[in-house]
Each structure stands twice: as structure tokens, then as C-alpha cells.
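For the numbers below, each heavy atom of this structure counts, side chains included, while hydrogens, waters and symmetry mates do not. Start at 1 and go down the list; that is how both ligands and their atoms are numbered.
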Amino acid sequence: MSDLRVAVLGVGIMGADHVARLTSKISGARVAVVNDYLTDKAEQIAAGIPGCRVIADPLDAIADPEVDAVVLATPGPTHEKQLLACLEHGKPVLCEKPLTTDVETSLEVVKREAELGKRLIQVGFMRRFDHEYAALKAMLDSGELGRPLVLHCAHRNPAVPPSFDSAMVVRDSLVHEVDVTRFLFDEEIVSIQIIKPSANPGAPEGLVDPQIAVMRTASGKHVDVELFVTTGVAYEVRTEVVAEKGSAMIGLDVGLVRKTAPGNWGGQITPGFRERFGAAYDSEFQRWVDAVRSGVNVDGPSAWDGYAAAAVCEAGVQSLGSGQPVEVSLVSRDSIMGA
Ligand code: ISE
């Protein structure tokens, strides 16, 4: 079987990482086309990959007959048009979060894909491919812990770019715990409240940080998430499920433990999400490539997962403004996908 010819759209930090991953770590695929609004950057990346071309217009790159599948690592506001083009040309697409930047357009994308009757879209919620999250999910599904009741999470970043605002803490960071909750519990989130504790004096002016998100699932499970994106320390993502018959925790960052004189012990926290979730991205890409090549429907996070996450984040941003719990508004899944 010949290699999957992939177009990577957007070669900023994540896109360039994905180009490198597809080129040197993933089998069965090669980067055939790159595109970026910064043409020089695209040229520079293409020059390092044998047989890789630059196509200046992202829609032309999607339509190109020598492109079998697409990776979108472009800015969120461009996703809707690019996803619809992938659907129109029948090209499988792995889209970095967000699916689109608002709930209405996300729903439109879900509907258009459903009309095709074939899954072409996978959303890049990479945590589902992390071995610790996979082990936690398997443990919950095995029933060993009984019914899960509560989820406690911490999501800490050492720093964020200057453009990061308070709503992005919800839409860009919390969105991962939103997906993790839906993944682990197999149910929708019905309400969310964002609480604002004392602000970190080290956070940039105007950034509400930390934030605490309190969510409730359809069956009544409680989820709380501490979001703190300017810790100045390192990258920490911890997740603990408390269930009827015990609890389970991941993300302790206990790799190598060093013991040195005079009586010290310690280890290292991963510096950022690219290091912490590097192996998860690798396995996400390999599974996607394998599924697309073998003609099997992709089984990673779907357009619906992207839409549901967008709806929860929308309610979260409303709560950030009002301080009150906000109900999540979702259309019925069966009305789109069929029962
Ligand atoms: C970033 O966009 C990510 O996706 C990271 O996983 C997350 O930890 C970070 O807060 C986001 O800004």
C-alpha cells in the first residue's frame, strides 16, 4: 500500500511539529504539501522534505489531486471553511482544536459531515491517546472502581503568550478537561460555573488567572478543574477520579527520582505540553494514518466531540462574565446522526 500523501496546513509551532512527526516518526505517510500564510516559513519547511511542495492557497492544497488527507494546524477562525472544503472533496482531516471558534459553525460542520454518511473529521484532542489517560479509561470501563462520582483536575501552564486572554483559559486550556470528562464518563456536561479566586499578582494585567471550573454531567457527576496558566513553574496536568470503590490518579510526573547529598531527593516536571503529550501526539497520528490508509472509519474524537466541547466552553465564557452557573445548550445528537 502506498504512503498516505498528507497536506499540513499551518506550519507554526504545532504544525511544524506535526510535519516533523509525520516525516520521521509515523509510518505509512509522508508530507506531500505544506501551506502557511507566511509563505517563507512554508518554503523553508518544504525545502527539508523530499518531494514536498508549497501550495499558497489552503483551499487549493485541500483540492489537490495528489493530496489524500489533510492536517489542519491553522488558526481556529479559518477552520470552518477548510473543514467544509475537506468534506466537499471527501478528504479525511485531522483538525487541531478548536473544531471551529463558535458553536453555530461547529454544529454546521457536524451536520454537513453527517449528511455524507461517512466520518472524515477527527479533532485533535490528543489526551485520549496518552497512555495514562488510556489506562484510567480502561480501569473505569472495567468496573473495578465501581461507579465514578467525582473528577478533580489541575491544569497548570508555566506561561502563556501575551495574546492569551481570560476567555482563552476556558476555550484553549479548559477545553481539554471538557473533552477528558466526556471521554472518561461517556456522557455530556450539562452545566458549568467559573469561579475566580484571588488573582496571581504575576499574571499579566487583565488576565483572570487562576480560574476554577465546576462542571456537572448529565448523570450528576461533579467535576472541578483548577486552571492556572501563569505559574512560572512548569507544565502540570493532574487528573483524579473518585469512585464508589476507590480512586485513581494520573499525571504525578514521577519519572526519575534523584537522591543526592546532603539528603535531597527530587525529579523533574515536564516543561510544556509538547513534551508532556509528545508520545500521545505520535500515537494519535499513527492511529489516524493507519485508519485512513486501511479505509476504516477514523475512531478518534469526532466532529460531535468538537461541537460538544465548543458548547461547554461557550457556557463557560458566559459564566466567566456573570460568575453564575450556566446551563450548556446542545442539540439532540440523535436528531443529527439518527438514533
Ligand atoms: C494549549 O493550546 C494546549 O492545547 C495545551 O495542551 C494547554 O495545556 C494550554 O493551556 C493551551 O494553551
Heavy atom of the protein closest to [atom] (residue, atom name, distance):
| atom | value |
| --- | --- |
| atom 7 (C) of ligand 1 | H155 NE2, 3.4 Å |
| atom 9 (C) of ligand 1 | N157 OD1, 3.1 Å |
| atom 3 (C) of ligand 1 | H176 NE2, 3.6 Å |

Atoms of ligand 1 close to F164 [distance to a heavy atom under 4.0 angstrom, numbered from 1]: 12 (O)

Ligand-residue contact atoms, ligand 1 with S173, heavy atoms, under 4.0 Å: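 So the atoms of ligand 1 that pass are 9 (C), 10 (O), 11 (C), 12 (O).
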
T217 and E187 side chains, donor-acceptor separation under 3.5 Å: yes

Any donor-acceptor N or O pair under 3.5 Å, side chains D290, Q286: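 There is such a pair (donor and acceptor under 3.5 Å, judged by atom type) between the side chains of D290 and Q286.
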
Proximity of F277 to ligand 1 by residue part, where a heavy atom lies under 4.0 Å: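 Neither; no heavy atom under 4.0 Å.
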
Does [X] come within less than 4.0 Å of ligand 1, judged by its heavy atoms?
| X | value |
| --- | --- |
| M168 | no |
| K97 | yes |
| D172 | yes |

Within-4.5 Å side-chain heavy-atom neighbours: Q122 and E284: yes

Ligand 1 to Y235 polar contact by distance, N or O atoms, under 3.5 Å: yes

CA sep, side-chain torsions, deciding dist, call: F228, H155, ring pair (Phe, Tyr, Trp, His ring centres under 6.0 Å): CA-CA 6 Å; F228 189 0; H155 185 162; over 10 Å; no

Sidechain-backbone polar pair: R119 side chain, V298 backbone, donor-acceptor under 3.5 Å: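 Yes, R119 side chain to V298 backbone: donor-acceptor pair under 3.5 Å.
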
Side-chain (E113) to main-chain (A303) donor-acceptor, under 3.5 angstrom: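 Absent.
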
Aromatic centroids of H176 and F273 separated by under 6.0 Å: no

